[in-house]
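Working notes, beginning with the structure itself.
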Amino acid sequence: VDDELIEVFVEELRRLGGELLDGLGSSDAEMVRSAAHSIKGMGGTIGLPEISVLALTIENLAKAGRLGDSRPLIEALVNWATQLS
């Protein structure tokens, strides 16, 4: 994976992480589900299946209306994304 693709991935992950937090803050399960779905696909594309699995779990929790259960996962994902350089 080349450096430019990684840079785009990190920028998009940070943007979508913001959407996850916004959706969580406004109890918008659809916003959380949609952002997690996008992250899931990106993880597969970039070769990080762990991100895809985490995003799938968040997506499924949002579909089930269990945003409270998704909070620690979202926070972990966002914290990880902010540490990427």
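As the structure is a prediction and not an experimental result, all values here were calculated from the model. If you read the sequence from its start, that first residue is 1, and numbering goes on from there.
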Practice item. May I ask you to test the W80-L13 pair for a side-chain heavy-atom distance under 4.5 Å? Key: yes

Exercise for review: Could you tell me whether E11 and R15 have a side-chain N and a carboxylate O separated by less than 4.0 Å?
Suggested key: no

Practice item. Answer yes or no: is there a donor N or O on one side and an acceptor on the other, between the side chain of T82 and the main chain of N79, under 3.5 Å? Key: yes

**Study point:** Test side chain to side chain donor-acceptor pair (under 3.5 Å) applied to D28 - qualifying residues, sequence neighbours left out
**Key:** none

Point to revise | hydrophobic_cluster_shared for I6 and L48, side chain cutoff 4.5 Å | key: yes

Review point. Is V78 linked to M31 within one hydrophobic cluster, defined over Ile, Leu, Val, Met, Phe, Trp and Tyr using a side-chain heavy-atom separation of less than 4.5 Å?
Key: no

Review point. Can you list the residues that meet the salt bridge (charged side-chain N to carboxylate O under 4.0 Å, His left out) rule with E30, with sequence neighbours excluded?
Key: R33

Review point. When rounded to the nearest 0.5 angstrom, what is the spacing between OG1 in T57 and CD1 in I74?
Key: 11.5 Å

**Study point:** Taking every non-hydrogen atom, the tightest pair across S70 and L24
**Key:** OG-CD1, 4.0 Å

Exercise for review: Could you give me the CA-CA distance, side-chain angles and deciding distance for M42 and I51, then say whether side chain to side chain contact (heavy atoms under 4.5 Å, CB included) is met?
Suggested key: CA-CA 8 Å; M42 289 173 23; I51 295 295; over 6 Å; no

Check your understanding: Are F9 and L5 connected in the hydrophobic side-chain network, where two residues link if heavy atoms are under 4.5 Å apart?
Key -> yes

Review point. Linking I/L/V/M/F/W/Y whenever any side-chain heavy atoms sit under 4.5 Å apart, do L16 and V10 land together?
Key: yes

Practice item. Sorted by first residue and then second, give each salt bridge (charged side-chain N to carboxylate O under 4.0 Å, His left out) pair with at least one member in residues 49-58; sequence neighbours left out. Key: none

Point to revise | Same apolar cluster (I L V M F W Y, side chains within < 4.5 Å links), I39/I46 | key: yes

Check your understanding: Of all heavy-atom pairs between A55 and A36, which one has the smallest distance, and what is that distance?
Key -> CB-O, 3.3 Å

Can I get a per-line list of side-chain donor-acceptor pairs under 3.5 Å for residues 58-65, giving both atom names and the distance, sequence neighbours left out?
residue	atom	partner	partner atom	Å
E59	OE1	K40	NZ	2.9
E59	OE2	H37	ND1	3.0
N60	ND2	L56	O	3.4

Point to revise | By salt bridge (charged side-chain N to carboxylate O under 4.0 Å, His left out) - contacts of E75 (at least two apart) | key: R71

Practice item. Could you tell me whether a side-chain N or O of S27 sits under 3.5 Å from a main-chain N or O of G23, the two making a donor and an acceptor? Key: no

Point to revise | Listed partners of E7 passing side chain to side chain donor-acceptor pair (under 3.5 Å), at least two apart | key: none

